[in-house]
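On a predicted model such as this, the values are computed, not experimentally measured, just so you know. Residues: numbered from 1 along the sequence shown.
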Amino acid sequence: MNKELLNEINAAYYHLEAKKTEIVQALLHRIFQLESGWYNGHYHKSEDGDWERESYPIPVVGVKGICDIEIQFDKITVSAKMKRDMALTYFPHMNLKPMGWRIIWRISTIRDKA
């Protein structure tokens, strides 16, 4: 087993876990009901515009009935599973982009500067 590779993976996932904890702590004291876990099988859009499946797990914080916050290595994405008018009620100033065949709106992508 490549010990150096394992150390790099551990450091990368430590960063993701710290971001997840920061987001949960920020939302915990609000009126939101939160769920969180690690999920694989998520998709990202390639430079060619195609959706590509990723097998490695990332942390996701679910704000029940409102959105999912997906914490990736280089960005944080907020997706809402709701109709457009409802999404605009919760996120009035965001640029809503429909994703795939389901009614999922990519609300915002925040690039990680770290």
**Student:** Are Leu34 and Val63 close enough that some pair of their side-chain heavy atoms sits under 4.5 Å apart?
**Tutor:** yes

**Student:** Compare every heavy atom of Ser36 with every heavy atom of Lys20, then report the nearest pair and how far apart it is.
**Tutor:** NZ-OG, 3.9 Å

**Student:** Does any part of the side chain of Lys19, heavy atoms only, come nearer than 4.5 Å to the side chain of Phe73, both counted from C-beta?
**Tutor:** no

**Student:** Please say yes or no: joined through hydrophobic side-chain contacts below 4.5 Å, possibly via intermediate residues, are Tyr14 and Ile23 part of one cluster?
**Tutor:** no

**Student:** Return the minimal non-hydrogen interatomic distance between Asn2 and Glu4, and the atom names on each side.
**Tutor:** OD1-N, 3.1 Å

**Student:** So which heavy atom on Leu16 is nearest to which on Gln72, and how close?
**Tutor:** CD2-O, 3.3 Å

**Student:** Return the CG to OH distance between Asp50 and Tyr43, rounded to the nearest 0.5 Å.
**Tutor:** 12.5 Å

**Student:** About how many Å separate CD1 of Ile76 and CD1 of Ile71, when rounded to the nearest 0.5 Å?
**Tutor:** 6.0 Å

**Student:** Could you tell me whether Tyr56 and Tyr39 have their ring centroids closer than 6.0 angstrom?
**Tutor:** no

**Student:** I need the minimum non-hydrogen distance between Asp68 and Gly62, along with the two atoms involved.
**Tutor:** OD1-CA, 3.5 Å

**Student:** Calculate, to the nearest 0.5 Å, the distance between atoms CD1 and OG1 belonging to Ile58 and Thr77 respectively.
**Tutor:** 7.5 Å

**Student:** Ignoring hydrogens, what is the shortest heavy-atom contact between Pro57 and Tyr13? Give both atom names and the distance.
**Tutor:** O-OH, 2.8 Å

**Student:** On a heavy-atom basis, which atom in Ser55 and which in Asn40 lie closest, and how many Å separate them?
**Tutor:** O-CB, 2.9 Å

